[in-house]
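Written below as structure tokens is the structure these notes are about.
Within every chain, numbering begins at 1; the chains are lettered A, B, ... in the order of the sequence lines, protein sequences first and strands thereafter.
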Amino acid sequence: MNYSITFDTTWEDTFFHKLENDGPWSDILTFQLAYEAIKNTSVQEKNTLVSIKHLPHLQIYPHQLATAKQVIEDMHGKAILADEVGLGKTIEAGLILKEYMMRGRVSKALILVPASLVSQWVIELNQKFFIPAVAPKKNPDWGLWDIVVSSLDTAKRSPNQEMILEQNYDLIIIDEAHKLKNPKTKNYEFVQKLHKKYCLLLTATPIQNKIEEIYHLISLLKPGHLGSSTTFIQNFRANKRCFTNDAQLQALVKRVMVRNRRQDTEIQWTKRKIHNEIIVFSQEEREVYTYIQNMKHSPKLHFNPLSLLTLEREACSSKEAVYMTLQKWIKTKEMNSDETKIIEQLIHLLQRKSVNMKAEKALEIIRKTNDKVIIFTGYQATQYYLQWFFQQHHLSAIPFRGGFKRGKKDWMKELFQTKAQILIATEAGSEGMNLQFCHVLINFDLPWNPMRLEQRIGRIHRLGQKKDVHIYNFATQHTVEEKILQLLYEKIEVFKRVVGELDEILARFEGINFEAYLSDALAHSNSEQELDVKINILTEIINDEGTQHQHEQRYFS
Amino acid sequence: MNNVIFHNYIRQFFLAHHCQILDENNTFLHIQLTVEMDKALMNRPFYWHYLEKIGEKGQPLTLTLYFDRNTPQPYKGEYIHFGSPRAQQIFRYVKQSGAWIRLYEEPSQKNPQTSLYPWLHVNGKILFQCDIGWEKFFSIGLNLINGQMRNHFYDELHNKKMSKKIPDYSFTLSPLITPKSGLKRIKEVLKTIALGEDLTSFEKAKIRWKEDIALLWHFYTEEERKTNSLYQKEMVDLQNLYEPKIQICFLHGGIFYLQ
């Protein structure tokens, strides 16, 4: 066989130079030490992970080791790492990167992660893997830096984007890769244009809604693996192919995707203790809520039922959240005089002094537990309010949200760990954040997508958590929220299932956008019965899948 | 390298560079660095630059290395093991400073008029690269008088007594083969060794490369294949991923005059 053979002449150039100039030569002991160094650092084994020997301080779980081996040997370094939340996808990716670096296959890597996780990745790669990763600073030099961790936003900003696209990256890692499901976005196009030999896409939720999403994800990794887009989508639609009953499709996906589930690992998991708290509105809160409900029925008003539903949900969180939305309406919505009047009256109602009963409940729990507590809310206004509220009670609370700069997020997390008892987080800031040192979580308001709930819980209930975790779910009595808790969450037993089972089940729904379905059901049902029927349909489907799921063999092992 | 060998290796390194060991047991080394070692390892160029500018002598640091994480630490120090950055740094330093040598064998007895044969000795790696990478270490000696070539040459040298200077009563024979053409001969032999390796990984990579090209081909329409730069990019990326390559690197060696 003919293969190209090249010689590195660095050594000989100096050698001949020294011969001509009669030295200088090394001494014997250093020469011997150099020989030992060269011999012992050469990677002669073909089929083992040599990096393990270099990482004796790192606890690597068997499933992580198996994953790294599988990706390198069977998938040739192009894979979707889709472990369930909290099984250590970062460790798997780090192992693979380290192994390729030691084998001389990767010297330049770009790691794209959410802004909130940049520092964490840099720290983990440096401390756990001894990989000298850096985060871009001012005027980054993408040519000079070999291992860079950056947010997508930073990377695609000019002139970074132009410089990055000129680099020949050996490995691209993308964390939270499910965000790249839409090929028409700038992010997707950018990632598509990157030069790469190897590519790792990390996501806990590879199939969130549509089958097309996994198609687009795989097309980034290995264009053509599932065929061209026209043939794939046409085929899929025409034959009513669906992921759950298409063995061929599953087999193809399995060739580029590793998915470890918690129950398959031999790790002992701590328990989730669920406390559903039904909160009773204060007099003033109830009046606001009823007022909003009545806005639906007046014939003179033409508010969009979905918008009103948003207000109802916000009223269950805090009047501040309602107020903020109303302010936005006044600025942006065209309203007739009746509508303007009714909004003004509502604002008037909000301006009265009142007690936030959920906040009171949270305070009670925090005082009782005497431990770190993380509170999740979907609304920034509620976050502001809660911070003020706890301050009034001499409790320090740290806010955390998506808009924070990287350094600020690290600092906030650090403060929470060392100084403050409470962290108040909005959805966006929370992905990938590791808070194993915290054992109590309060869902101040409930997301309408069970997947998102799972992600929230995953912040504290993950590898490394040593205690049982307590999850408090707040739902206000006789409101949409209570309906969601009772009709959706309690029925699909989201909290009782084996850890991680739910996202496995939900992953089987390609076509359903939970939030949209629920909003529609709640906004457009003419009676309670109709609403019950609609939500029941959803829970029954989910539960059927669950039962089936228990009997069936799993897809990805 | 097991722990004992590694510990001993690091100890030898500092001794070879004239550092004094202030305190030690089987879990740690507490070392007084020399100026040279401080500059090489401690990454404080500004300190040394500044002192040189004002003409002062600097004070090199002490360094404490712990070989076991779980033992008491009497000094402020750092954990070192085979894969840690400090070990990597030492390996790098040593590989650079110990890469070229010229040595003479000392005769076992005071044997007058010993003739010494010139040998070209090189150590290095053959790098095999496709979608995976691995290496083959080699250690070769070539007699520059008669052209005899031997593998595992370093091991033969190990028990000989050597000196940096020509021993009294010994004399060297001039090479008939120049080191340059000697190296050429070695390269030819290494090529044969490289191609004689088990290269099934290369064969498999070539097959996968073809398969992936076929997938890519179907992914784009004929029009896109002609005009779409992404298609071209993916083709280049696939080549970089799979194309089998062999690179031979000499890293270490020199001229040895042996009996």
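- For B:I255, the parts sitting under 4.5 Å from any heavy atom of chain A are the backbone and the side chain alike.
- Highest contact tally toward chain A, considering only B:P244, B:G253, B:G254, is held by B:G253 [criterion: heavy-atom pairs under 4.5 Å].
- Less than 6.0 angstrom separates the ring centroid of A:F130 from the ring centroid of B:H81.
- Summarising the local packing, CG of A:N21 is surrounded by more than 12 heavy atoms from other residues, nucleotides or ligands at distances under 6.0 Å.
- Of the possible donor and acceptor atoms, none in the side chain of B:Y154 sits under 3.5 Å from a partner among the backbone N and O of A:Y35.
- Under a 3.5 Å cut-off, the side chain of B:W100 and the backbone N or O of A:W11 do form a donor-acceptor pair.
- For the pair B:L183/A:F16, a side-chain contact is recorded, criterion being any heavy-atom separation below 4.5 Å from C-beta on.
- Contacts with chain B were tallied for A:K18, A:H225, A:H195; A:H195 has the most, counting heavy-atom pairs under 4.5 Å.
- When heavy atoms are compared at a cutoff of 4.5 Å, B:L230 approaches chain A solely by way of its side chain, counted from C-beta outward.
- For chain B, the nearby part of A:L194 is the backbone; its heavy atoms alone come within less than 4.5 Å.
- No more than 12 heavy atoms of other residues, nucleotides or ligands sit less than 6.0 Å from atom CH2 of B:W217.
- Expressed to the nearest 0.5 Å, how far OG1 of A:T10 lies from CG of B:L251 amounts to 8.5 Å.
- Your options are B:K180, B:R69, B:Q12, B:K136, and the one with the most heavy-atom pairs under 4.5 Å with chain A is B:K180.
- Taken from OG in B:S139 to CD1 in A:I38, the straight-line distance is 10.0 Å, to the nearest 0.5 Å.
- In this structure, the side chains of B:I132 and A:I72 come closer than 4.5 Å at one or more pairs of heavy atoms.
- Counting non-hydrogen atoms of other residues, nucleotides and ligands closer than 6.0 Å to CG of A:N182 gives a total above 12.
- Shortest non-hydrogen contact noted between B:P179 and A:F15 is CB-CE2, 4.4 Å.
- Contact of B:Y93 with chain A is not made at all, since no heavy-atom distance falls under 4.5 Å.
- When atom types are taken as modelled, the side chain of A:Y198 and the backbone of B:D131 share a donor-acceptor pair closer than 3.5 angstrom.
- Contact count versus chain A (heavy atoms, under 4.5 Å) is highest, among B:K187, B:E243, B:M162, B:K191, for B:K187.
- Ranked by heavy-atom pairs under 4.5 Å with chain B, the first of A:L55, A:N168, A:N40, A:T9 is A:N40.
- Atom-to-atom distance recorded for B:D237:CG and A:C199:SG is 10.0 Å, nearest 0.5 angstrom.
- Ranked by heavy-atom pairs under 4.5 Å with chain A, the list B:Q247, B:E211, B:Q96 is led by B:Q247.
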Next on the checklist: side-chain contact (heavy atoms from CB on, under 4.5 Å), that's the test. Do A:I5 and B:I126 meet it? Break it down for me.
Outcome noted: CA-CA 10 Å; A:I5 301 181; B:I126 308 173; over 6 Å; no
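- Ranking A:I28, A:L226, A:N126 against chain B, the residue ahead of the rest is A:I28, based on heavy-atom pairs under 4.5 Å.
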Next on the checklist: Run the side chain to side chain donor-acceptor pair (under 3.5 Å) test on A:H76 and B:R208 for me, step by step, so that the C-alpha distance in whole Å, both residues' side-chain angles and the decisive distance to 0.1 Å come before the verdict.
Outcome noted: CA-CA 9 Å; A:H76 322 294; B:R208 279 194 297 272; 3.1 Å; yes
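- Neither the backbone nor the side chain of B:T221 has a heavy atom closer than 4.5 Å to any heavy atom of chain A.
- Between B:L215 and A:G224, the closest heavy-atom pair is CD2-O, 3.4 Å.
- With chain A as the partner, the residue from B:H158, B:K164, B:H218 showing the most heavy-atom pairs under 4.5 Å is B:K164.
- Proximity to chain B is absent for every atom of A:S51, based on heavy atoms less than 4.5 angstrom apart.
- More than 12 heavy atoms of other residues, nucleotides or ligands sit less than 6.0 Å from atom NZ of B:K233.
- Proximity to chain A is limited to the side chain of B:Q88, based on heavy atoms less than 4.5 angstrom apart.
- Using a 4.5 Å cut-off between heavy atoms, B:I213 does not touch chain A at all.
- By the neighbour-count criterion of 12 heavy atoms within 6.0 Å, atom CZ of B:R150 is densely surrounded, having more than that number from other residues, nucleotides or ligands.
- Ion pairing of A:D22 with B:R102 is present here, as a side-chain N (NZ or NE/NH1/NH2) and a carboxylate O approach within less than 4.0 Å.
- Nearest approach of A:A37 to B:V94, heavy atoms of both residues: CB-CG1, 4.4 Å.
- Using cut-offs of 30° and 60° for the angle between ring planes, the B:F250 and A:F7 rings count as parallel.
- When heavy atoms are compared at a cutoff of 4.5 Å, B:L216 approaches chain A by way of both its backbone and its side chain.
- Within the 3.5 Å criterion, the main-chain N or O of B:C130 finds a donor-acceptor partner in the side chain of A:R105.
- Counting heavy-atom pairs under 4.5 Å between each of A:Q32, A:K53, A:E45 and chain B puts A:Q32 at the top.
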Item to check | From CA spacing to verdict: salt bridge (charged side-chain N to carboxylate O under 4.0 Å, His left out), A:K193, B:E234 | outcome: CA-CA 9 Å; A:K193 280 192 244 165; B:E234 296 289 346; over 6 Å; no
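- A heavy-atom distance below 4.5 Å is not found between the side chains of A:Y3 and B:K245.
- Between A:K46 and B:E135 there is no salt bridge, since no side-chain N of the basic residue sits under 4.0 Å from a carboxylate O of the acidic one.
- Side-chain contact check for A:R103 versus B:W134: some heavy-atom pair is nearer than 4.5 Å.
- Heavy-atom distances place the side chain of B:N123, and not its backbone, under 4.5 Å from chain A.
- Closest heavy-atom contact between A:S42 and B:K125: CB-CE, 3.8 Å.
- Dense packing is recorded around NZ of A:K69, with more than 12 heavy atoms of other residues, nucleotides or ligands lying under 6.0 Å away.
- Taking the six-membered ring where the residue is Trp, the centroids of A:F31 and B:H252 are separated by under 6.0 Å.
- Among B:F91, B:F6, B:F82, the one residue that satisfies the ring-ring contact (aromatic ring centres under 6.0 Å, His included) test with A:H54 is B:F82.
- Taking all atoms of both residues into account, the shortest heavy-atom contact from A:T30 to B:S97 is CG2-OG, 3.5 Å.
- Pairing each heavy atom of A:S219 with each of B:F219, the nearest pair is OG-CE1, 3.6 Å.
- For A:L29, the part lying near chain B is the side chain, with the backbone staying farther off; criterion is any non-hydrogen pair under 4.5 Å.
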Next on the checklist: side chain to side chain donor-acceptor pair (under 3.5 Å) for B:K95 and A:T41? Distances and angles first, verdict last.
Outcome noted: CA-CA 11 Å; B:K95 282 180 193 172; A:T41 53; 3.2 Å; yes
